[in-house]
Asks: 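Mind looking over this structure? Questions follow.
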2 protein chains.
Amino acid sequence: MMWRAMEVEQRKISRAVISRLPRYYRYLGDLLEAGVERISSNDLSKKMQVTASQIRQDLNNFGGFGQQGYGYNVKYLYTEIGKILGLDKDHNFIIIGAGNLGQALANYASFERNGFILKSLFDVNPRLEGVTIRGIPVRMLDELEGYLQENDIEIAALTLPKSKAEEVADVLVANGIKAIWNFAHTDLTLPKDVIVESVHLADSLMKLSYNISQHNEIQK
Amino acid sequence: MMWRAMEVEQRKISRAVISRLPRYYRYLGDLLEAGVERISSNDLSKKMQVTASQIRQDLNNFGGFGQQGYGYNVKYLYTEIGKILGLDKDHNFIIIGAGNLGQALANYASFERNGFILKSLFDVNPRLEGVTIRGIPVRMLDELEGYLQENDIEIAALTLPKSKAEEVADVLVANGIKAIWNFAHTDLTLPKDVIVESVHLADSLMKLSYNISQHNEIQK
DNA sequence: TAGATTGTTAATCGATTAACAATC
DNA sequence: TAGATTGTTAATCGATTAACAATC
């Protein structure tokens, strides 16, 4: 039993490290596009404005992707980080709430490139019935349960008012959704095996505002 | 000279603390709405799933808002955190890129409640010329410089493709914009007195995806 | 081989939690 | 006053940076 616990423990990479991976992925993608074949942690650190030590430390959580005296092969590292992030597999997702933000996400086709496949949108507004976005249909919210039972959907993006969020999330979870990308301005309380990633736009804007005030203070 | 440096130093609240303030603000707002008059760090900690110690420590970075034996007055604390976040002042902002995401933000009227006043949108698409969103006009991007010189705009939200982001950001900064709310999938390199707050949606989705893969691994 | 650069251990720094005296 | 709860100091924990031996 002990080794099992440890095996799980071993996988527990800190949140700080995870949140840096997409950024590495982005920079490596740019390098790849620019035709760069290899890069050292030192050169990458200059581009990314982080320490080389942090880059090496971060990557070594997942394995030795580099080679002494050479550095990192850009294409290889890009692919490996993609695998770590689960981008080598397809993820079917739906959007609940086909308002402005929901439609904005639906139109954002570049998610598809990373394996995120939008299958349907849902809304309560009867005017949206039958509407399609990039060929993807908007369905009525009362069809949600039936739909989930017949389709293999992994992720749901919640782009609806916070008053409805918790309620809908419960339905989603009861019907097998494993992960929720939450844009509602509320913290969902769900079983802890459900993955919730929240984007709180208002919070982000407030941080910006804090920094402005701060900046003005110091000016004085 | 030393005391000046220290004075500035003193203000340097850690990023972790700042990023928790909007969440406190949100919870306090809910409590206020629910008619709760006072709350102890212990009760709040249970609601927010953080330690009471962290709450007290965080708040004490800014001053003693509580009272021994009583706790915190909800309304007072809410107002004070609002001030810290700069929400007691109005902030004029514009949106560059009136595509789906730009329009979604423009329609998101609740920003106004916190003092963020949308003054105009800008786009290159001639079809959007003259269009208004909630009465706010979309202007053509070539009018941007002139507009900035005649209007007092503090914040610009960048909701445009990353290929245009850097270029537009430079124009913004050259014309007095102090803060950029960046939705383009790129890190802007700007003078360090310009405040940049980025929302990288793709990064967020990748974190979600990582956690799904992780979860599946452990299941096995 | 010599030079470069990783992987990894050790040292430092910072953030979180615990504890408790101060005080309402 | 006694009880409750803060503000704050001290202890712990975790994350970042520095250093360097291993090795390509």
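Just so it is clear, the model here is predicted, and its values are computed rather than measured. Reminder, nothing fancy here: chain letters follow the sequence lines and each chain counts from 1.
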Asks: Please give the nucleotide sitting opposite C:dA4 as a Watson-Crick or G-U wobble pair, both distances under 3.5 Å, or none.
Replies: D:dT23
Asks: Is B:Thr51 close enough to C:dT17 that one of its side-chain N or O atoms is under 4.0 Å from OP1 or OP2 there?
Replies: yes
Asks: With both distances under 3.5 angstrom, what nucleotide forms a Watson-Crick or G-U wobble pair with C:dA18?
Replies: D:dT9
Asks: What's the NZ-P distance between B:Lys12 and C:dA15, to the nearest Å?
Replies: 10 Å
Asks: If we only count heavy atoms from C-beta on, is the B:Tyr210 to A:Ile18 side-chain gap below 4.5 Å?
Replies: yes
Asks: Please determine whether salt bridge (charged side-chain N to carboxylate O under 4.0 Å, His left out) holds for the pair A:Lys47 and B:Asp187, giving the CA-CA distance in whole Å, both sets of side-chain angles, and the decisive distance to 0.1 Å.
Replies: CA-CA 11 Å; A:Lys47 276 191 194 299; B:Asp187 297 332; over 6 Å; no
Asks: Report the distance from atom OH of A:Tyr70 to atom P of C:dT6, rounded to the nearest whole Å.
Replies: 11 Å
Asks: Run through B:Arg23, B:Arg20, B:Arg26 and flag the one making a side chain to side chain donor-acceptor pair (under 3.5 Å) with A:Asp203.
Replies: B:Arg26
Asks: B:Gln49 has an atom CD; how far is it from atom P of C:dT17, in whole Å?
Replies: 13 Å
Asks: Counting only side-chain nitrogens and oxygens, does A:Arg38 get under 4.0 Å of the OP1 or OP2 atom of C:dT6?
Replies: no
Asks: Grab the CZ-C1' distance between A:Arg15 and C:dA15 for me, whole Å please.
Replies: 15 Å
Asks: So, does A:Tyr72 get its side chain near the phosphate of D:dC24, meaning an N or O under 4.0 Å from OP1 or OP2?
Replies: no
Asks: Could you state the atom-to-atom distance from CD of A:Gln68 to P of D:dC24 in whole Å?
Replies: 6 Å
Asks: Do the two ring centres, one from A:His91 and one from A:Phe111, sit under 6.0 Å apart?
Replies: no
Asks: Within the pair A:Arg56 and C:dG7, is there a side-chain N or O less than 4.0 Å away from OP1 or OP2?
Replies: no
Asks: Let me confirm one number: the OH-OH distance from A:Tyr25 to A:Tyr78, rounded to the nearest 0.5 Å.
Replies: 3.5 Å
Asks: Rounded to whole angstrom units, what separation is found between the CD atom of A:Gln67 and the C1' atom of C:dG3?
Replies: 15 Å
Asks: OP1, OP2 of D:dT6 versus side-chain N and O of B:Ser41: anything below 4.0 Å?
Replies: yes
Asks: To the nearest angstrom, how far is A:Phe62 atom CZ from C:dT8 atom C1'?
Replies: 16 Å
